[in-house]
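Accompanying notes for the structure given below.
Lettering of chains follows the sequences in order, A, B, ..., and the numbering in each one begins at 1.
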There are 2 protein chains.
Amino acid sequence: MTDYPIPAMDDVELVEVLRAVADPIRLHIVGVLADGEAHPKTVDDWGVDVTKSTMSHHFKILRESGLTRTLVEGRTHCIQLRRVELDEKFPGLVDALTR
Amino acid sequence: MTDYPIPAMDDVELVEVLRAVADPIRLHIVGVLADGEAHPKTVDDWGVDVTKSTMSHHFKILRESGLTRTLVEGRTHCIQLRRVELDEKFPGLVDALTR
DNA sequence: CCGATAGTTCGATGATTGTCGAACAATTTG
DNA sequence: CAAATTGTTCGACAATCATCGAACTATCGG
């Protein structure tokens, strides 16, 4: 059971979060995650035309920036926004990114 | 009298704005501009340790992204946030970036 | 155990980026 | 006009980045 570490919100820097969403695909992912739900990482479901490995790369950058967490259930990995923490640390940011 | 063109706000894309602020120096510049005033571009006043040409480069990216405008008065160039337009197009974004 | 499924990790590669110094342009001042 | 001031532009360079395919790990179903 692999563990996917996320940074403590105290260590999350705004400029790193911005760097994470400063990419069309990653911004789109965050837009989909705006509903707060955990979404399976299955490539087909995201409507973007890149390979598995590229998607995995984007998911990793989002996670390491502090924006998301990964939930593992068996073979299925789900990704979810860390909304509550983000709203506390960067008020209005997620809203502004996902309107 | 050189003219520094800025994109119409209709043509400004969120991901380009994010790309512009996804750099420590440029985010810092935007933070200084948060007061809404026009600031002279004079390097010494920004508290960052880069050359004139690098600053000029950053100012250009901010302007082309749609975040700022440049006001020319003689030898002095001033930079200013396009706050009203930005707040209308991306509600809460500038606030979240400069809180 | 075996094959299929779901993702990650690992090079490699081509494109983009931040930085600098030098040259250039425009304006003010002596 | 000449020199100084303020900033832009250009070329170069090293570092970073998005992307891919291949190999790998882990889980589920038969």
Side-chain angles (χ1 to χ4, degrees), chain A residues 1-7 13 15-33 37-80, chain B residues 1-7 13 15-33 38-65 67-80:
Chain A
M1 171 178 49
T2 330
D3 200 32
Y4 292 95
I6 61 176
E13 290 185 42
V15 71
E16 286 304 312
V17 172
L18 295 175
R19 216 193 68 67
V21 290
D23 174 275
I25 292 185
R26 293 195 295 265
L27 183 57
H28 174 250
I29 293 173
V30 170
V32 173
L33 297 181
E37 301 300 316
H39 289 248
K41 292 184 177 173
T42 316
V43 179
D44 318 324
D45 300 352
W46 296 92
V48 294
D49 191 28
V50 291
T51 63
K52 270 196 309 179
S53 56
T54 299
M55 284 304 282
S56 190
H57 169 246
H58 287 310
F59 290 139
K60 182 178 183 182
I61 290 194
L62 287 172
R63 175 172 47 82
E64 290 179 343
S65 79
L67 272 168
T68 64
R69 69 174 67 88
T70 295
L71 309 173
V72 179
E73 304 168 28
R75 264 186 311 194
T76 309
H77 295 204
C78 286
I79 185 175
Q80 185 178 38
Chain B
M1 170 176 50
T2 331
D3 201 31
Y4 292 94
I6 59 176
E13 290 184 45
V15 71
E16 286 305 311
V17 172
L18 295 175
R19 211 190 113 274
V21 291
D23 173 274
I25 292 184
R26 293 196 294 266
L27 184 58
H28 174 250
I29 294 174
V30 170
V32 172
L33 297 180
H39 290 249
K41 292 184 177 174
T42 315
V43 179
D44 318 324
D45 300 353
W46 296 92
V48 294
D49 191 28
V50 292
T51 63
K52 270 195 309 179
S53 56
T54 298
M55 284 304 281
S56 190
H57 170 247
H58 287 310
F59 289 139
K60 183 179 183 181
I61 290 193
L62 287 172
R63 175 172 48 80
E64 290 178 344
S65 80
L67 272 168
T68 65
R69 68 174 68 89
T70 295
L71 310 173
V72 179
E73 304 168 27
R75 255 183 324 194
T76 309
H77 296 204
C78 286
I79 185 175
Q80 186 177 36

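For B:Asp49 and C:dT19, the CG to P distance is 10 Å, given to the nearest whole Å. Distance, A:Ile25 CD1 to D:dA18 P: 9 Å, rounded to whole Å. In this structure, the NE2 atom of A:His58 is 13 Å from the P atom of C:dT8, given to the nearest Å. To the nearest angstrom, C1' of C:dG7 lies 15 Å from NE2 of A:His57. In this structure, CZ of B:Arg63 is placed 8 Å from P of D:dT8, rounded to the nearest angstrom. When the C1' atom of C:dA6 is taken as reference, atom CG of A:Asp45 falls 12 Å away, rounded to whole Å. Between the P atom of D:dA4 and the NZ atom of B:Lys52 lies a distance of 14 Å, rounded to the nearest Å. What separates CZ of A:Phe59 from P of D:dT19 is a distance of 12 Å, to the nearest Å.
For the pair B:His77 and D:dT8, the criterion of a side-chain N or O lying under 4.0 Å from OP1 or OP2 is met. Distances shorter than 4.0 Å separate none of the side-chain N or O atoms of A:Thr76 from OP1 or OP2 on C:dA6. Dashed line: the shortest gap from a side-chain N or O of B:Thr42 to OP1 or OP2 of D:dT6 is not under 4.0 Å. The side chain of A:Arg26 places an N or O atom within less than 4.0 Å of a non-bridging phosphate oxygen (OP1 or OP2) of D:dA18. Considering only side-chain N and O atoms, B:Arg19 lies under 4.0 angstrom from the phosphate OP1 or OP2 of C:dT17.
Between B:Thr68 and B:Ile6, the shortest heavy-atom contact is O-CG2, 3.6 Å.
Between B:His77 and B:Tyr4, the ring-plane angle classifies as perpendicular under the 30° and 60° cut-offs.
Shown here is A:Asp49, whose CG atom has no more than 12 heavy atoms of other residues, nucleotides or ligands within 6.0 Å.
A donor N or O paired with an acceptor N or O is found under 3.5 Å between the base of C:dG21 and the side-chain atoms of B:Ser53. Residue A:Lys41 places no side-chain atom within donor-acceptor reach of the base of C:dG7, judged by atom type and a 3.5 Å distance cut-off alone.
Distances were taken from every side-chain heavy atom of B:Val50 (C-beta onward) to each of C:dT19, D:dT8, D:dT19; the shortest belongs to C:dT19.
Take the nearest nucleotide of DNA chain C for A:Lys60 and for A:Arg75: the residue whose nucleotide is more 5' is A:Arg75.
Side-chain atoms of B:Arg63 come within 3.5 Å of backbone atoms of B:Pro5 as a donor-acceptor pair (strictly under, hydrogens ignored).
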